[in-house]
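Since we're looking at a predicted model, the values are computed, not measured. The figures here come from the full heavy-atom set of this structure, side chains too, leaving out hydrogens, waters and symmetry mates. Throughout, numbering of the chain's residues begins at 1 and tracks the sequence.
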Amino acid sequence: AKAAAQAEREAAEQAASAAKKAEKAARAAEQQAAEAYAASPEGLTKKKDKLSGILSEIAELEKARDNGQELTDSDEAKIKRKAKTEAELAKVEEKLQKVSVQE
């Protein structure tokens, strides 16, 4: 009975270990798929559109500020991130051009 219980315990531990490994592999595959999509023309275009939208919003916020409208801290933070957003957009456009040339 002891030997059977021991064997059962070991089998359960092995099953748990296999399940953990499978879960880890599934997470890695999901991550790879997400990265592949992000590097695809579709993913890059989506990101470019999102960043362009953010920059349009920042331009409107700057205009409102120039017209004397008070902005929230959140709006001011967006304006402060403008240069970073522009740089990120430039990188995305560059990657998009490279990907377009490759196809």
A.B. asks: Take E35 and Q31 through the side chain to side chain donor-acceptor pair (under 3.5 Å) test and state the conclusion after the steps.
C.D. replies: CA-CA 6 Å; E35 288 170 6; Q31 179 69 27; 2.8 Å; yes
A.B. asks: Should L55 and K82 count as side-chain neighbours, where that means a heavy-atom distance under 4.5 Å?
C.D. replies: yes
A.B. asks: Would you call R27-E23 a salt bridge at under 4.0 Å N-O?
C.D. replies: yes
A.B. asks: I would like to know whether K98 and E94 meet salt bridge (Lys or Arg N to Asp or Glu O under 4.0 Å); could you show each step before the answer?
C.D. replies: CA-CA 6 Å; K98 284 179 187 173; E94 194 178 303; 3.7 Å; yes
A.B. asks: Is it the case that the side chains of D75 and T72 hold a donor-acceptor pair, with the cut-off being a distance below 3.5 Å and no angle test?
C.D. replies: yes
A.B. asks: Is the closest basic N to carboxylate O distance between E70 and R65 below 4.0 Å?
C.D. replies: no
A.B. asks: When rounded to the nearest 0.5 angstrom, what is the spacing between CG in D49 and CD1 in I54?
C.D. replies: 11.0 Å
A.B. asks: Please determine whether the number of non-hydrogen atoms from other residues, nucleotides or ligands lying under 6.0 Å from atom CG of N67 exceeds 12.
C.D. replies: yes
A.B. asks: Of all heavy-atom pairs between K78 and I58, which one has the smallest distance, and what is that distance?
C.D. replies: O-CD1, 3.3 Å
A.B. asks: To the nearest 0.5 angstrom, please state how far the CD atom of E42 sits from the NZ atom of K46.
C.D. replies: 8.0 Å
A.B. asks: Quick one: does any side-chain atom of T45 pair with a main-chain N or O of P41 as donor and acceptor, under 3.5 Å?
C.D. replies: yes
A.B. asks: Taking all heavy atoms of A64 and all of L71, pick out the closest pair and write down the distance.
C.D. replies: CB-CD2, 4.4 Å
A.B. asks: As a test of understanding, state which of E86, K91, E93 forms a side-chain contact (heavy atoms from CB on, under 4.5 Å) with L89.
C.D. replies: E93
A.B. asks: Measure the spacing between CZ of R81 and CD of E88 and express it to the nearest 0.5 Å.
C.D. replies: 10.5 Å
A.B. asks: S17 side chain to Q14 main-chain N or O, any donor-acceptor pair under 3.5 Å?
C.D. replies: no
A.B. asks: Are S40 and V99 side-chain neighbours, meaning at least one heavy-atom pair lies under 4.5 Å?
C.D. replies: no
A.B. asks: Please find the pair of heavy atoms, one from L61 and one from I79, that lie closest to each other, and give the distance.
C.D. replies: CB-CD1, 3.9 Å
A.B. asks: I'd like to know whether CD of Q97 has more than 12 heavy-atom contacts from other residues, nucleotides or ligands below 6.0 angstrom.
C.D. replies: no
A.B. asks: May I have the list of side-chain donor-acceptor pairs in residues 1-12 shorter than 3.5 Å, sequence neighbours left out?
C.D. replies:
residue: Q6; atom: OE1; partner: R9; partner atom: NH2; Å: 2.8
residue: Q6; atom: NE2; partner: E10; partner atom: OE2; Å: 2.9

